[in-house]
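Here's the structure we're looking at; comments come further down.
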Protein chains: 2
Amino acid sequence: MREICLPMGLTREELEHIDHRLVASRRKVARGETLFRTGDRFESLFAVWTGFFKTFVSTKQGREQITGFQMAGELIGLGGIDSRRHEVDAIALEDSQVCVIPLAELEALGREVPALQTQFHKMMSREIATDHQIMLQLGSMHAEERVAAFLLNLMHRLQARGFSASSVLLRTSREEIGSFLGLQLETVSRTLSKFQANGLLVVRQRQIEVTDQVGLQRLLDGAPAS
Amino acid sequence: MREICLPMGLTREELEHIDHRLVASRRKVARGETLFRTGDRFESLFAVWTGFFKTFVSTKQGREQITGFQMAGELIGLGGIDSRRHEVDAIALEDSQVCVIPLAELEALGREVPALQTQFHKMMSREIATDHQIMLQLGSMHAEERVAAFLLNLMHRLQARGFSASSVLLRTSREEIGSFLGLQLETVSRTLSKFQANGLLVVRQRQIEVTDQVGLQRLLDGAPAS
DNA sequence: CGCGAACTTGAGGCGTGTCAACCCCTGTGG
DNA sequence: CCACAGGGGTTGACACGCCTCAAGTTCGCG
């Protein structure tokens, strides 16, 4: 399987056609390093190749809201196309590599290769649908439901990439999880402790062993917490 | 000025080329009527032509989170492109008309008219950026800040369409505002009453007269409520 | 004109925020 | 190899903002 940066259901010929034209360059981003900042001029999208990122918006007063965590195969920067300025900060949470995808190139190639165009639209659409689910969490769920949803979502994405079905190594601090979920870090910590007390999982720092995935899911399906 | 459904910075010739090919049909949607439901097969986007809509996601238990209110010139259904299924319900809040835009047509035309393609990408991107701002509200703002942000956003969008700068006729119930902001309807009502008591605005049912827009903005910029 | 939905307002409870103390890892330098 | 520093994490006590429940009012619509 050829290495590609946009994981798209394209034929081999289409891939040959695209590949080196689309991905202008690779870029390494060390843990803690900033990929781009809010207000930076937008020219390219970034596809995560290896590693893990967070993106966040902030208020003038410095409050931050994490808008997403991105792993291999996911795009960063889609919100900046409209204004030609990035509207989030993007920071690597571990040593990472990204593919740089100039938007102008992507649009031009999309005109030649309809399957690429369609794939791009699907990826934008998926981000919108995902964001709506996050709104649902932030707007209508209690702390335990939010944390359960966060863990399950992370597990599903890791499983889709071939990682363990039950063991999750968080790349994020409690504070970052809290910022994403609209909770304080203490609430995240307490919730994880409670899940452990209830036999749903075992916490060891950032290593989470989920022993009862069904039980976590049941929290989301309306079962009252015990 | 010719009537168009995608308000795009296109030349006259480009418009001639597109218009009747792109907009397959118009559709009237009466107040309270459903445009589409979650799970419905996705084939077309909808551009609001006249009127006002809400979109919302729901949990299995029936909790609802409104993900947005759409007015003239805004697209509905972008989140359904990826899965080919709608991922929200869309309901008209007043008698409305929408343009039906088959996605296949839009993509095909986008290949012929780059400016249309770019415009479409911008509109998807704008939805993403907007959603991030909503996450910021839901995740990190207090009730008063959320209501202030909601009102200011509504005023800006109405002003951009040539409506009054200070008088807003809400098309939404307190409950719908609360669902959008992650608050209970009583909290919305109380907050509006408090704003009135503080001289920021005058509430008469769904008619809001904003008498101190700067004061509302100051609430968002970190001034403590009085 | 009258019914029901929408809205307002109050009282009290609860979930999460806030503040603080302590612990546990990790990495670093002696 | 150990001592130490420091950030990240856990846990407790308390406060408070918002939710919940309830009653009463107003308005819109049939």
Side-chain angles (χ1 to χ4, degrees), chain A residues 31-32 54 61 63-66 93-95 137-151 168-198 201-209 219 224-226, chain B residues 30-32 54 63-66 91 93-95 137-151 168-198 201-208 219 224-226:
Chain A
R31 173 193 168 102
K54 68 173 174 181
Q61 312 114 53
R63 266 183 297 184
E64 294 181 355
Q65 172 69 32
I66 292 182
L93 295 180
E94 58 179 315
D95 292 345
Q137 295 178 32
L138 291 173
S140 77
M141 289 186 183
H142 288 188
E144 294 185 13
E145 298 173 299
R146 295 186 203 187
V147 175
F150 169 75
L151 288 174
V168 181
L169 179 60
L170 298 177
R171 262 74 185 189
T172 61
S173 68
R174 302 289 189 267
E175 185 172 22
E176 285 163 337
I177 298 173
S179 170
F180 180 60
L181 296 178
L183 301 170
Q184 294 305 114
L185 65 94
E186 295 94 330
T187 303
V188 175
S189 179
R190 270 188 255 268
T191 303
L192 289 174
S193 297
K194 180 168 181 182
F195 285 173
Q196 178 166 356
N198 290 355
L201 46 76
V202 178
V203 184
R204 248 182 66 81
Q205 294 297 120
R206 296 193 177 181
Q207 185 69 49
I208 310 277
E209 300 286 337
L219 277 183
S226 56
Chain B
R31 173 193 167 101
K54 69 172 174 182
R63 267 183 296 184
E64 293 181 356
Q65 172 68 35
I66 292 183
I91 294 182
L93 296 180
E94 59 179 315
D95 292 345
Q137 294 178 32
L138 292 172
S140 76
M141 289 186 182
H142 288 186
E144 293 185 13
E145 297 172 301
R146 296 186 203 187
V147 175
F150 169 76
L151 289 174
V168 180
L169 178 60
L170 297 177
R171 263 74 182 188
T172 62
S173 67
R174 302 288 189 268
E175 185 172 21
E176 286 163 336
I177 298 174
S179 170
F180 180 61
L181 297 178
L183 301 170
Q184 294 305 114
L185 66 94
E186 294 94 331
T187 303
V188 175
S189 179
R190 270 188 256 268
T191 303
L192 288 175
S193 296
K194 179 168 181 183
F195 286 172
Q196 179 166 353
N198 290 355
L201 45 77
V202 178
V203 184
R204 249 182 66 82
Q205 294 298 120
R206 298 195 177 181
Q207 186 69 48
I208 310 277
L219 278 182
S226 57

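Just so we're on the same page: letters track the sequence lines, and every chain starts at 1.
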Take atom CE of B:M141 and atom P of D:dC18, then tell me their distance rounded to the nearest Å.
-> 13 Å

Is atom CZ of B:R31 surrounded by more than 12 heavy atoms (other residues, nucleotides or ligands) closer than 6.0 Å?
-> no

Sugar-phosphate, base or nothing in reach of A:L183, heavy atoms under 4.0 Å = sugar-phosphate

Quick one: on DNA chain D, does A:L192 or A:H142 contact a more 5' nucleotide (nearest heavy atom)?
-> A:L192

Which of D:dG12, C:dG17, C:dT8 is nearest the side chain of A:T187? It is C:dG17

Under 4.0 Å between any heavy atoms, over every strand shown, what does A:V203 touch: base, sugar-phosphate, or nothing? Just pick one.
-> sugar-phosphate

Atom of A:S179, atom of A:I66 and distance for their closest heavy-atom approach = OG-N, 3.1 Å

Could you check A:L185 against B:E175 and say which one's nearest nucleotide on DNA chain C is further toward the 5' end?
-> B:E175

Rounded to the nearest Å, what distance is computed from the CD atom of residue B:E176 to the C1' atom of nucleotide C:dA5?
-> 13 Å

Polar side-chain contact B:R206-D:dG28 base: donor and acceptor under 3.5 Å | no

Looking at C:dC25, D:dT20, C:dT16, which one has an atom nearest to any side-chain atom of B:Q184?
-> D:dT20

Nearest to the side chain of B:E186, which nucleotide is it out of D:dA22, C:dT18, D:dG8?
-> D:dA22

Assess whether one donor atom and one acceptor atom, taken from the side chain of B:R204 and the base of C:dT8, lie less than 3.5 Å apart.
-> no

State which of D:dT11, D:dC18, C:dT16 makes the closest approach to the side chain of B:A143.
-> D:dC18

Would you call B:E64 and B:K54 a salt bridge, using N to O less than 4.0 angstrom?
-> no

Would you say the side chain of A:R174 and the base of D:dT11 hold a donor-acceptor pair, judged only by whether the two atoms sit under 3.5 Å apart?
-> no

More than 12 heavy atoms of other residues, nucleotides or ligands under 6.0 Å from CD of A:E175: is that the case?
-> no

Looking across every strand, which nucleic acid part, if any, lies under 4.0 Å from B:G182 by heavy atom: base, sugar-phosphate, or nothing?
-> sugar-phosphate

